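Naming convention: chains lettered A, B, ... in sequence-line order (proteins, then strands); numbering from 1 in each chain. Just so it is clear, the model here is predicted, and its values are computed rather than measured.
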Amino acid sequence: MSKYPHKKVERKWQDVWERRRTYETDLLNAQKPFYNLMMFPYPSAEGLHVGNVYAFTGSDIFGRFKRMQGYDVFEPIGLDGFGIHSENHALNIGEHPIRVAARTQKNFYTQLKKIGNGYNWDAKLETYDPEYYKWTQWIFLQMYKHGLAYRKEADVNWCPKCLTVLADEQVISGECERCGTKVVVKKLKQWFFRITKYTDQLLEGLDNIDWSETVKVAQRNWIGRSEGTVIDFPVKDSWERITVFTTRPDTLFGATYIVLSPKHALLTDNKLQITNEKEVEDYINKSKGKIVEERTQKAKEKTGVELKGVKAVNPINSAEIPIWVADYVLGDVGTGAIMAVPAHDERDWEFAVTYGLPIKMVISATGDNAPKQKMSKENMRCYTGEGVLINSGRFDGISSQRARLEITESVGGKMEKRFHLRDWLISRQRYWGPPIPVLYCKRCYSSGGEEGVDYTEKDGEHYAIIPIPEEDLPVKLPYIEEFRPTGTDKAPLANVAGFYKSECPKCGGEAIRETDVSDTFLDSVWYYIGYLIFRNQKSEIWHPKNGWSGGSTLFRKWLPVRMYIGGAEHAVLHLLYTRFLSYAFYDLGLVHFKEPFTVFRAHGLLISEGAKISKSRGNIINPDQYIEVYGADTLRMYLMFLGPFESGGDFRDTGIRGIARFLDRVWQLYKCVSNANSAGAGDRLEKIVHKTIRKVTNDITHLRYNTAIAALMIFLNDMERENTILQDTYATFLQLLAPFAPHMCEELWEMLGHNESIHHSSWPAFDEEKLKEETFQMAIQINGKLRDVVTVPVGVSESEATKIAFSSKKANKYLEGRKYQRVIFVPGRLMNIVI
RNA sequence: GGGCAUGUGGCGGAAUUGGUUUACGCGCACGACUCAAAAUCGUGUCCCGAAAGGGAUGUGGGUUCGAAUCCCACCAUGCCCACCA
């Protein structure tokens, strides 16, 4: 047989699979549904990179395995093509996003087909398809109608390069997640989703889902639960009081001053009647313009201004302490005000040192935390740990922990849980997204007072918010030539009169449309449901005016997703938002489950030559060239062989030859296959067959593809040592290899005379009985060191094993006739003589 | 600064979860085939040592008959988050 002709074989089967609809699933009549989902990609200019191939292949192997185990596998694919990412790319190359999308879509699907994954192409979707985003808009309306979407003015993150607001989750270390530009704060009216209503549920739900632990931890951290106390500090000679939140009420005696955030409500209209109003106002204005990064930079010196002519009173000891305003205190964390305890908080320490404010130690470190030398003024440092109270009046000597409760109680404080998670800002002042489906009507505002209608202010005028009626969806994104961001806080659509001028569906009067579009992550919160809807979109039941009522049978059969595979970088973006929406859908009676993904596994990161794959490093790897030279099967297997799927791998193309060699040997072995089908007694390969079935089955189940492939290599090595191979043995081998190398195995399977696809054959079963060995290699150790290895019968007794061990020449050399203290016998494994 | 990982040959990585360290593959060396090369096949390949033997899982300690695996400290690398009161 000549060399394996990968091009011919792969093209042949890709065509046949498509023609025979090998991987399409009858969603309504499936008996054993298994929804195998992979995160759909953002399309980019270069098309698929090898990292995508890595992720998709790992997911596809699992799906193929489940299919062979008898499940009806639903494995859909689509494109997450709406959003800033795609639009920025279009801007970069100076082409309209609609045209870019059309081109990349074609390219992507062609590439995806060449990898040979078993997708349900019938169900494919693109988020920029109006048939898709009419549902994205419908979801917005459901959220709005149930009070989960609202419009409010807030300090928001603004990216000066992308010229749009960003969600908190999209700001990384003060920089825009997409373009790396430093983010500034702006006060704008924006649309939010009320994710904070689900804080507790989202946190608790994590305990009951089978997800990669790293992602759960990331979500817990992002939700950021902290327990503390809310304490009121009265303002001297005033009715006002300053409420602070602290996790360390035990340090209350050490509070030597109060700090208000520049955004604190008490600072407006000089409510505190301070004497240096002008100075404070200047400071507030200055801090407003600061970019987020400048303010959060740890090294950055802290600044602030004292509020003159006013003092706060520490409720525990009636000490009068100064009040400051400083932008190291954030307006949207806690209560926007803190009690500063410089002796026990690093930020307060830094600030107190800068401005010469008093520092009072109230916690003394104990035990292991205790300082080696006695603290003096000179070597004094801030201590943030726990300890015993000092300088705290009647609380002296008690532990931090106890003091938290007792001090809280004695000042009438309230224990409270606080969370870092804040509502999700979903409006974007961009073009390439689904228009938010609401109208603003002036006349409905004037007629006023109607129940269930919200009012808002826009450009200084008052309007009623009128949701677009469901039957009018989608609100189509119009094609406009001038799609560039405007540079103001308005979206490009705000310049398109033909779009925003509209008629109020309620009163028939003039109304204007919302011109912002929604965040990309809203497109992807429901796509796993979208695949089911899309598959059936021709039916009349699938119209937004009917909601999802037509889906209950389908939803119950297929959801939640049984296996979801994707990147861990979406832990607090896509994965948290999706859980949130799913909880909301449940409450709105739209779905029957709360958690959307029963199992989620984060695949590892594929790196190249030790570095993260990125355009700037110039180490992008295009899979096409490898598919061209070696074939898709080889590339698939090579990627999976690099290391455990969940830890990623380093792509060095030297190793790919090894896999190419392996597959070619599998191909060559075909000529050694005998016509005989059933094993005679004493088939030397019987044991390895069953061993490999067990190993590969177990490894695929746990996504340990690298060791599954190693086991198949061992199997091949053993087969090659024989002159002839039984047909059954070879067929079993092909079945085990099929999820990894689907094209070649299909071809050889057909050559063996099968008419049905190998991918619909049943996964081989192993027989425990056939795995039983008669003897094993027993290790003989002396004091835990290996001295000899002997072959002994499997059921050997301890006394027999002891006899055998002591008769070992090698072992005896070390015993030198000495008496042993005892022996440790591990059945089936070893004998350890302790001397 | 916080959280989470990881550290085993020249390299990617195995190790029945506390029991024979280095499976499988790459690379390398030698050999076969060839006029030659490539491809392919075969043999070998943790380190020191002529051998007997000894030493090795980032470093140092501990628990144990026995530790890559468990505990403590330190070092290094990677990822995520970060003025969260």
Once you round it to whole Å, what is the distance between [atom2] of [N] and [atom1] of [X]?
{"X": "Q781(A)", "N": "C65(B)", "atom1": "CD", "atom2": "P", "answer": "14 Å"}
{"X": "D699(A)", "N": "G13(B)", "atom1": "CG", "atom2": "C1'", "answer": "14 Å"}
{"X": "I607(A)", "N": "C79(B)", "atom1": "CD1", "atom2": "P", "answer": "9 Å"}
{"X": "R652(A)", "N": "G10(B)", "atom1": "CZ", "atom2": "P", "answer": "15 Å"}
{"X": "H420(A)", "N": "C83(B)", "atom1": "NE2", "atom2": "C1'", "answer": "12 Å"}
{"X": "I824(A)", "N": "A67(B)", "atom1": "CD1", "atom2": "C1'", "answer": "15 Å"}
{"X": "E227(A)", "N": "A85(B)", "atom1": "CD", "atom2": "P", "answer": "12 Å"}
{"X": "L786(A)", "N": "A15(B)", "atom1": "CG", "atom2": "P", "answer": "20 Å"}

If we take the [atom1] atom in both [N] and [M], what is their distance in whole Å?
{"N": "U21(B)", "M": "C47(B)", "atom1": "C1'", "result": "14 Å"}
{"N": "C41(B)", "M": "A51(B)", "atom1": "P", "result": "32 Å"}
{"N": "C70(B)", "M": "G18(B)", "atom1": "P", "result": "8 Å"}
{"N": "U63(B)", "M": "U69(B)", "atom1": "C1'", "result": "14 Å"}
{"N": "A15(B)", "M": "U6(B)", "atom1": "P", "result": "14 Å"}
{"N": "A82(B)", "M": "U77(B)", "atom1": "P", "result": "23 Å"}
{"N": "A50(B)", "M": "U43(B)", "atom1": "C1'", "result": "23 Å"}
{"N": "A5(B)", "M": "G10(B)", "atom1": "C1'", "result": "26 Å"}

For the residue pair [X] and [Y], categorise the inter-ring angle as parallel (less than 30°), tilted (30 to 60°) or perpendicular (more than 60°).
{"X": "H574(A)", "Y": "H570(A)", "value": "perpendicular"}
{"X": "W222(A)", "Y": "H420(A)", "value": "perpendicular"}
{"X": "Y638(A)", "Y": "F651(A)", "value": "perpendicular"}

May I ask you to say whether [X] pairs ionically with [Y], meaning some side-chain N is under 4.0 Å from a carboxylate O?
{"X": "D200(A)", "Y": "K417(A)", "answer": "yes"}
{"X": "D207(A)", "Y": "R220(A)", "answer": "yes"}
{"X": "R704(A)", "Y": "E646(A)", "answer": "no"}
{"X": "D664(A)", "Y": "R661(A)", "answer": "no"}

* Taking syn as within 90° of 0 and anti otherwise, name the glycosidic form of G9(B). =>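 Here G9(B) takes the syn form, which means its glycosidic angle is within 90° of 0.
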* U16(B): syn or anti, with syn meaning chi within 90° of zero? ->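 Nucleotide U16(B) adopts anti.
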* Inspect the surroundings of NZ in K216(A) and state if more than 12 heavy atoms from other residues, nucleotides or ligands are less than 6.0 Å away. =>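 Correct, the count exceeds 12.
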* Atom NZ of K687(A) with >12 non-hydrogen neighbours under 6.0 angstrom ->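 Result for NZ/K687(A): enclosed.
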* Asked: Which residue lies toward the 5' end of RNA chain B, K785(A) or G649(A), if each is placed at its nearest nucleotide?
  ->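 The answer here is G649(A).
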* **Closest-nucleotide 5' rank along RNA chain B - winner of R822(A) and L642(A)** =>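 Result of the comparison: L642(A).
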So what does [X] hit on the nucleic acid, given a heavy-atom distance under 4.0 Å: a base, only sugar-phosphate, or nothing?
{"X": "E213(A)", "result": "nothing"}
{"X": "Q777(A)", "result": "base"}
{"X": "V329(A)", "result": "base"}

* To do: Examine W424(A) together with F521(A) and report whether their ring centres are nearer than 6.0 Å.
  =>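 No, the ring of W424(A) stays outside the 6.0 Å limit from the ring of F521(A), centre to centre.
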* **Residues that R822(A) engages under salt bridge (Lys or Arg N to Asp or Glu O under 4.0 Å), provided they are two or more places apart** =>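 Expected list: none.
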* Asked: Who passes salt bridge (Lys or Arg N to Asp or Glu O under 4.0 Å) against R829(A), sequence neighbours left out?
  ->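 Partners of R829(A) under the salt bridge (Lys or Arg N to Asp or Glu O under 4.0 Å) test: none.
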[X] has a side chain; which of [options] sits nearest to it?
{"X": "V333(A)", "options": "G3(B), A85(B), U20(B)", "result": "A85(B)"}
{"X": "W222(A)", "options": "A85(B), A82(B), G19(B)", "result": "A82(B)"}
{"X": "P644(A)", "options": "G13(B), G19(B), C81(B)", "result": "G13(B)"}

* Please say whether the positively charged group of R601(A), taken as NZ for Lys or CZ for Arg, lies over the ring of F645(A), i.e. under 6.0 angstrom from the six-membered ring centre and within 45 degrees of the axis. =>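 No; the conditions do not both hold, so R601(A) does not lie above the ring face of F645(A).
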* To do: For H702(A) and N698(A), work out which heavy atoms get closest and say how close.
  =>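 Closest approach of H702(A) to N698(A), heavy atoms only: ND1-O, 3.0 Å.
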Can you give me the N/O atom pairs linking the protein to nucleotides 48-54 of chain B at distances under 3.5 Å, or say none if there are none?
{"from": "G53(B)", "atom 1": "OP1", "to": "K813(A)", "atom 2": "NZ", "distance (Å)": "2.3"}

* Asked: Are S226(A) and T247(A) linked by a side-chain donor-acceptor pair shorter than 3.5 Å?
  ->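 No - no donor-acceptor pair under 3.5 Å links their side chains.
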Between the protein and nucleotides 23-27 of chain B, which nitrogen or oxygen pairs are less than 3.5 angstrom apart?
{"from": "G25(B)", "atom 1": "OP1", "to": "N717(A)", "atom 2": "ND2", "distance (Å)": "3.4"}
{"from": "C26(B)", "atom 1": "OP1", "to": "R661(A)", "atom 2": "NH1", "distance (Å)": "2.6"}

* Asked: Stem ranges for RNA chain B, with three or more consecutive Watson-Crick or G-U pairs under 3.5 Å?
  ->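 Result, WC/G-U stems under 3.5 Å: B:1-7 with B:75-81, B:10-12 with B:24-26, B:27-32 with B:40-45, B:46-48 with B:53-55, B:58-62 with B:70-74.
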* Check against side-chain contact (heavy atoms from CB on, under 4.5 Å), K695(A) and T707(A) -> CA-CA 8 Å; K695(A) 174 84 178 146; T707(A) 47; 4.0 Å; yes
* Using heavy atoms and a sub-4.0 Å distance, could you list which residues of residues 828-835 of chain A are near RNA chain B? By number, please. =>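 Under 4.0 Å from RNA chain B: R829(A), L830(A), N832(A), V834(A).
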